[in-house]
Novice: 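I have a structure I would like to understand better, so I am pasting it below and will then ask my questions one at a time.
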Amino acid sequence: MQLKRTVTCGQLTGENVNQEVILNGWIATNRDHGGVIFLDLRDRYGKTQVTFNPDLDPEMAANAKRLGMEDVIAVKGIVQMRPDGNINSKMVTGEIEVIVSELEVLNEAQPLPFLVSDRESGNEELRLEYRYLELRTKELQQFMALRSRTYQSARRLLNEEGFMEFETPVLMKSTPEGARDYLVPSRIHKGKFYALPQSPQTYKQLLMIAGYDKYFQIVKCFRDEDLRADRQPEFTQIDIEMSFVDQDDVMGLATRITRGIFKDVLDYELPETFPTMSYQAALETYGSDKPDLRFDLPLVEFAPFAEKTEFGVFTNNLAEGGRVKALVLKNAADKYSRKIIDGLTEWLKTYYGLKGLAFCKIDQGKFSAGISKFFPEELQAEITAKLGLEHNDILFFVSDTEARTLQALGALRLELAKRENLIPKGLVKPLFVLDFPLLDWDEDSKRYIAMHHPFTSPNPEDVGLMDTDPGHVRARAYDLVINGYEVAGGSIRIHTRDMQSRMFELIGMDEEEANARFGFLLKAFKYGAPPHGGIAFGFDRLIMILGGTDNIRDVIAFPKTTSAASLMDEAPSTVDDDQLKDLHIKLIE
C-alpha cells in the first residue's frame, strides 16, 4: 500500500524533531557519503533531505543508492536535527533531515532530455517539447505560483468592489474587424462557422444593458495574428465593465486593482495615483504609445536646427512634410564606433523600414564624425547650448516620415537604454496614456478603421469633427502602461444606436453590413442602454512584469511558439477525412 504523505517537502523545521512523517516527491539529488545515502526530495513546496543509514537497513540503503534523478518515491521516517556543520540556512528545511525507515518507489524516471535543476541545459524548443519537465524547474514553479496568487488577488479586489463574476460564450459570431478570428466550423449548420472570441466585448456591453452594472471575468481570448515575445494566439484577460461611469472612474478602479496586486503579490507599493500622458505626447517624447519611464532618454525635436543645416537629407525631407528628431546619449560617444552604428542602422532599416541613421559626436565642444561637416560652427554652438551637450556625448538623428521617425527613434531609445544599462532593476513605473485617435487610416483598403474597436466612444468635444475631419477625432480610450508594456486597455463605450450607426459609417460599414454583423447589439441599444465603459488587463503581460521576465511563454503553463504551434502535443495537427466530411469541409492544395 502506498505511503501517503503526511507533510510536504517544504514545511519541516526544528519544531518537528522526533515526529514520524511520510514524504512523497521527486528525487532532486542523490549523494553517497561513505555508504550513507542522502537524497534531496522535492515537491512544489520545497526540498527535504532524507537519509538512508546502512547500519539501520543495509538493503534499503543499497536500493536508495540505485535511485536516479526525478524518480518518484515515498519515504517514512523520523525527523532529526542535522549535525551542526551540515545545517543549510538557505532552506526552510535546512536544519533537519528525515532518517528513513521505509522506502517505496512509486515510479522510476528515464534519463532526462535536460536537467530540471538547470533550465538552461536545454534550448527553448526542447524545453517546450517536454514542457511538463520544464514546469518542474524552480523558475517556472515560481512563475506559476505567482500567477495563481495574482488570480486570487484580482478576484478578491473585484469582489470587494462589488463586481459580479460572469462567464460569456466561447463559441460566438464572427465579427471580423482588426485581428483575424479563429473560426470553428459547425457540423449541424452546414457552411456556417463560430468564432473564438478576440474579447467578450459585445457580451459585456449586453450585460450592462441587462442591468448588471459591475461585471468581470478572467477569460481566455483568441487572436490569429502575427506573434512576438509578449504575444500568444490564446491569452488571458481580466475583463471588466461598469455602468454609469466616466473615464476617471474606470482608471481609478484600474489603479486600485494594480496597486492591490503589486502589494499582495510582491509587497511593492505603487503610488496612489498614476501619471497620465496624451497619446501624441508619448509618441513625440518617447517614440511609443507605451513608453518605458524607468529611464530618461527623451526624443528631441530637431527640425528648427535641421532646416539651418547644409544636409540635404534633412532639408529635403522637411520640405516634403517629413520629420527630423534626435536622441542625445550622454558621455558615450567613445563606445560607438562606425561599425557599431552601422549595425544599428541595418537593424532599423530591416525592422522599421528606415532610410538611414545619422549621428554626430561631441569632441571638446565641437561636432565631429558622422554628418558634423554639415553643421556650421555658429549652428553647432546654438545646438550645444540649447541641448546642454558636453564632451563625449553622441547625437543620433532620424529624418523620415513622421511614423517611421517616431517609431524608429522609440526603438533606438530602448536599445540604447539596454546597451548602456540605463534601466533600473526592481523599479515599476505605471502610466495612463490617453486621447488616442478614434480612427486610423488603412492605406490598403483606403478607409478609416477603428484604432481600438468600433464600440469606442468619441470625445464629446470632437463629435463635430466626425463629419469634417474624422482623423483628428479623439477617443475616450485609455491604456495602462507599465515599464514599456501595455498592461491594460479600455474605453468609454458608445451606448446609443445613432452614435453607433454613425461610427459604423465612418469605418465604411453600411447599414446592411452593420445589421448583419451587429444587429443584435443595435437592437439592444433601443431598450435603455446605460452609459458604460470598461478595461481589460492583459493578464499574461502583467505576470511577466510581476515575475521580471521578458518572455510571455515563461508565465503560461502550456504556451505556443512564435509560429502558434505546441511542440509538446503537436498542435495544430491534421484531421482525418471523415471529420472533414462531417464538417462539410474540403481541403484545397
Novice: Using a strict 4.0 Å threshold on nitrogen-to-oxygen distance, state whether Lys418 and Glu415 make a salt bridge.
Specialist: no
Novice: Is a salt bridge present between Arg180 and Glu225, judged by a nitrogen-to-oxygen distance below 4.0 Å?
Specialist: no
Novice: Any donor-acceptor pair under 3.5 Å linking the side chain of Tyr336 with the backbone of Phe359?
Specialist: no
Novice: Working to the nearest 0.5 Å, report the span between OG1 of Thr285 and CD of Glu301.
Specialist: 10.5 Å
Novice: Can you confirm if the aromatic rings of Phe504 and Phe518 lie within a centre distance of less than 6.0 Å?
Specialist: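 Between Phe504 and Phe518, which both carry aromatic rings, the centre distance is below 6.0 Å.
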Novice: At what distance, to the nearest 0.5 angstrom, does OG of Ser566 lie from NZ of Lys560?
Specialist: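 The OG atom of Ser566 sits 5.5 Å away from the NZ atom of Lys560.
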Novice: In residues 243-252, what donor-acceptor pairs under 3.5 Å come from side-chain atoms, sequence neighbours left out?
Specialist:
from   : atom 1 : to     : atom 2 : distance (Å)
Asp246 : OD1    : Asp248 : N      : 3.2
Asp246 : OD1    : Asp249 : N      : 3.0
Asp249 : OD2    : Asp246 : N      : 3.0

Novice: So does Arg323 get a backbone contact from the side chain of Asn317, meaning a donor-acceptor N/O pair under 3.5 Å?
Specialist: yes
Novice: Could you pull out every donor-acceptor pair under 3.5 Å between side chains of residues 342-357 and any protein atom, sequence neighbours left out?
Specialist:
from   : atom 1 : to     : atom 2 : distance (Å)
Thr345 : OG1    : Ile341 : O      : 2.8
Thr350 : OG1    : Glu346 : O      : 2.8

Novice: If you round to the nearest 0.5 Å, how far is CZ of Phe539 from CG of Leu542?
Specialist: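 The CZ atom of Phe539 is 6.5 Å from CG of Leu542, to the nearest 0.5 Å.
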Novice: Please name all residues satisfying side-chain hydrogen bond (donor to acceptor under 3.5 Å, both in side chains) with Arg259, sequence neighbours left out, ordered by chain then number.
Specialist: none
Novice: For Asp289, check salt bridge (charged side-chain N to carboxylate O under 4.0 Å, His left out) against everything at least two apart and list the hits.
Specialist: none
Novice: Does Arg294 offer a backbone N or O that forms a donor-acceptor pair with the side chain of Asp292 under 3.5 Å?
Specialist: yes
Novice: What's the spacing between Met509 CE and Ile449 CD1 if we round to 0.5 Å?
Specialist: 11.5 Å
Novice: Are Asp442 and Lys446 within salt-bridge range, i.e. N to O under 4.0 Å?
Specialist: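 Not counted as a salt bridge, because no side-chain N and carboxylate O are separated by less than 4.0 Å.
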Novice: Find the distance between CD (Gln205) and CZ (Arg493) and round it off to the nearest 0.5 Å.
Specialist: 6.0 Å
Novice: State whether a side-chain donor-acceptor pair under 3.5 Å links Thr168 with Gln217.
Specialist: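 The answer is yes; a qualifying pair exists.
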Novice: Report the distance from atom NZ of Lys335 to atom CD of Glu420, rounding to the nearest 0.5 Å.
Specialist: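 So the NZ of Lys335 and the CD of Glu420 are separated by 4.0 Å.
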Novice: Can you list the residues that meet the side-chain hydrogen bond (donor to acceptor under 3.5 Å, both in side chains) rule with Asp239, with sequence neighbours excluded?
Specialist: Lys204, Tyr215
Novice: Met144 versus Arg44: any side-chain heavy-atom pair under 4.5 Å?
Specialist: no
Novice: Would you mind listing every side chain to side chain donor-acceptor pair (under 3.5 Å) that reaches into residues 501-511, with sequence neighbours excluded?
Specialist: Asp467-Arg502
Novice: Phe302 vs Phe314 aromatic rings, parallel, tilted or perpendicular, using cut-offs 30° and 60°?
Specialist: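 Ring orientation of Phe302 relative to Phe314: perpendicular.
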Novice: Does the ring center of Phe166 lie less than 6.0 Å from the ring center of Tyr212?
Specialist: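 Between Tyr212 and Phe166, which both carry aromatic rings, the centre distance is below 6.0 Å.
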Novice: Test your reading of the model: is there a side-chain donor-acceptor pair from Ser153 to the backbone of Arg149, 3.5 Å cut-off?
Specialist: no
Novice: With no hydrogens and no angle check, is any side-chain donor or acceptor of Arg447 less than 3.5 Å from a backbone partner on Ile507?
Specialist: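 A pair under 3.5 Å: yes.
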